[in-house]
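This chain uses plain numbering: 1 for the first residue, then up along the sequence. Computed from a prediction, not measured in an experiment: that's the story for all the values here. Atom set for the values below is all heavy atoms of this structure, side chains included, hydrogens, waters and symmetry mates excluded.
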Amino acid sequence: MSAVALRAAGDIKALASTGDLFIPPTGSDKIGFSFTIDDPYDTTDAKKGEVKYKVWARYTTDSSANPVVWKTGDVTQLTKSTANPIPTGAVKMTGSISVSSSDKPGDKWQLQVAQTDDSVTSAPTDNAAWKDSIALDVKAATRVNGASVSPNPVKLKSGSEVDVFVAFELEKAGDEKVTDVRLESKSYDDYYSLGTGMESDGKSYHDSAAFDYSTSSGAWQLKITVTRGSKTYSFVKGFEVSKSGSSKAKSKVKLSVSPSKVKKGKTVKLYGKAYRGSAGWGKKIMKLYFKKKGSSKWSFVGYVGSTSTGKFSKTVKPKYTGYWRLAATGTSKTYGSYSNYKLVTVK
């Protein structure tokens, strides 16, 4: 965050940038700014609380150009005040300017604001009206270079594992930090988490994960998540996973609960869907388990069956606060799996 104070000029004071001053790696973003305006509300009986002024904003990415090319910024205009008494003195206002991945970084960015009467419908054309100005030093975008996944494609064989190696370089232009690295399926809820530490040079990354035959096949991606200032960005690199020979299908069970808080003696609905591969696992009988909060022991409660499309639903009347989950037993053609846990609080 940057805060560049400006000398008072007319009724507008303390113009400052409030956003992260850097180019986004992709797409577009906003850089915020704020300022104060003196006595913006009418205090006369006839127009009490009405706004007296309108503020306009413009910016350029190169203040040294001849001629300077200006773009329009956004200002959140004040609305009529219903406060009693009507605010007097300095009132804060905010706005923003756009920044895109195609923009060039540098210290020649400039933001200007101008004040007019509230009845004015267009921005001033006279440069003399744009008295309030600050320079913005906009830094370069974060880049991830040379991202690779090896081998690609990943070819899985029954009974063995394949080490999948990941490498990339982080091109820093500020306080960037790698906060998450994972290899994830594009079609299934299947992923491998990797470490987030960089090599000793602070920019190189190497890690690996062992894929086994239960890993989903199809399109996958390396996803690198980077934080910088208050922003979070993700970089992806696609790769393929394939299988040879006979295989078991992978299963998963997604469990939801409604409500998650209930009075003692009331019922709770457990529901969701069981999957075999990417399709619903129809007519599957699953085991329901409960674990009291604070305990380490899961207790068998009963059975839950899925419909032909894999959906299931069961109503229970919990006595204690605790966790619920389902278990889908494996078969000769399908791997077994547990659902996610769901906490139900009993008041």
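Inter-residue side-chain proximity for Met198 and Phe168 is flagged as met; some heavy-atom pair is nearer than 4.5 Å. Looking at heavy atoms from C-beta onward, Leu288 lies in side-chain contact with Val316 at the 4.5 angstrom threshold. Lys284 has its side chain out of reach of Tyr275: every pair of non-hydrogen atoms, C-beta onward, lies at least 4.5 Å apart. Side-chain atoms of Ser244 and Lys155, non-hydrogen and from C-beta on, never get closer than 4.5 Å to each other. Between Lys254 and Ser339 the shortest side-chain heavy-atom distance does not fall below 4.5 Å. Considering only heavy atoms from C-beta on, Tyr233 stays 4.5 Å or farther from Glu176 through its side chain. By the 4.5 Å heavy-atom criterion applied to side chains, Leu21 and Ile31 are counted as neighbours.
Between the side chain of Thr88 and the backbone N or O of Asp39 there is no donor-acceptor pair closer than 3.5 Å. Asp207 places a side-chain N or O within donor-acceptor distance of the main-chain N or O of Gly195, the cut-off being under 3.5 Å. For Glu240 (side chain) and Asn152 (main-chain N/O), no donor-acceptor pair under 3.5 Å exists by modelled atom type. Side-chain N or O atoms of Trp130 include none that pairs as donor or acceptor with a backbone N or O of Trp56 at under 3.5 Å. At distances below 3.5 Å, not a single donor-acceptor pair connects side-chain atoms of Ser251 with backbone N or O atoms of Arg276. Judged by distance alone, with hydrogens and angles left aside, the side-chain atoms of Lys252 form no donor-acceptor pair with the main-chain N or O of Lys273 at under 3.5 Å. Within the 3.5 Å criterion, the main-chain N or O of Gln112 finds no donor-acceptor partner in the side chain of Ser133.
Rounded to the nearest 0.5 Å, atoms CG (Leu111) and CG (Asp132) are 9.5 Å apart. Here the straight-line distance linking atom OG of Ser28 with atom CD1 of Ile23 works out to 11.5 Å at 0.5 Å rounding. If you take CG on Leu255 and CZ on Arg325, they are separated by 11.0 Å, rounding to the nearest 0.5 Å. If you take CZ on Phe312 and OG1 on Thr307, they are separated by 10.0 Å, rounding to the nearest 0.5 Å. One finds the NZ atom of Lys250 at 3.0 Å from the CG atom of Asp190 (value rounded to the nearest 0.5 Å). If you take CG on Asp11 and CD1 on Ile37, they are separated by 6.0 Å, rounding to the nearest 0.5 Å.
Each of Tyr289, Phe290, Trp298, Trp324 was checked for a ring pair (Phe, Tyr, Trp, His ring centres under 6.0 Å) with Tyr341, and the lone residue meeting it is Trp298. Each of Val181, Leu170, Val144 was compared with Tyr205 under the side-chain contact (heavy atoms from CB on, under 4.5 Å) criterion, and only Val181 meets it.
The aromatic rings of Phe33 and Phe35 lie parallel to each other, their planes meeting at an angle below 30°, with 60° marking the opposite boundary. The aromatic rings of Trp220 and Phe239 sit tilted relative to each other, their planes meeting at an angle between 30° and 60°.
There is a side-chain donor-acceptor pair under 3.5 Å between Asp20 and Ser230. Ser306 and Trp281 share no side-chain donor-acceptor pair at under 3.5 Å. Residues Ser102 and Ser100 bring a donor and an acceptor atom of their side chains to less than 3.5 Å of each other. At a cut-off of 3.5 Å, with distance as the only test, no side-chain donor of Thr60 or Asp62 sits close to an acceptor on the other residue.
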Subject >> side chain to side chain contact (heavy atoms under 4.5 Å, CB included) assessment of Val304 paired with Leu270 >> reply: CA-CA 10 Å; Val304 178; Leu270 305 174; over 6 Å; no
Subject >> Working for salt bridge (Lys or Arg N to Asp or Glu O under 4.0 Å), residues Asp38 and Lys13 >> reply: CA-CA 8 Å; Asp38 287 339; Lys13 299 176 182 178; 3.1 Å; yes
Original post:
Given Tyr41 and Val51, is the side chain to side chain contact (heavy atoms under 4.5 Å, CB included) satisfied, shown in steps?
Top reply: CA-CA 5 Å; Tyr41 298 109; Val51 179; 4.0 Å; yes
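Contact detail for Tyr59 and Ser98: the closest heavy-atom pair is OH-O, 3.2 Å.
For Lys48, the NZ atom counts as loosely surrounded, since its 6.0 Å shell holds 12 or fewer non-hydrogen atoms of other residues, nucleotides or ligands. Crowding of Lys52 atom NZ: a count of heavy atoms from other residues, nucleotides or ligands under 6.0 Å exceeding 12. Within a 6.0 Å radius of NZ in Lys237, no more than 12 heavy atoms belonging to other residues, nucleotides or ligands are found. The local environment of NZ in Lys30 is crowded, with over 12 non-hydrogen atoms from other residues, nucleotides or ligands closer than 6.0 Å. More than 12 heavy-atom neighbours from other residues, nucleotides or ligands sit within 6.0 angstrom of NZ on Lys54. Atom OH of Tyr191 has 12 or fewer heavy atoms from other residues, nucleotides or ligands within 6.0 Å.
Within the cation-pi definition used here (under 6.0 Å to the ring centroid, within 45° of the axis), Lys139 does not qualify as a partner of Phe22. Relative to the six-membered ring of Tyr213, Lys243 meets both conditions, a distance below 6.0 Å and an angle of at most 45° to the axis.
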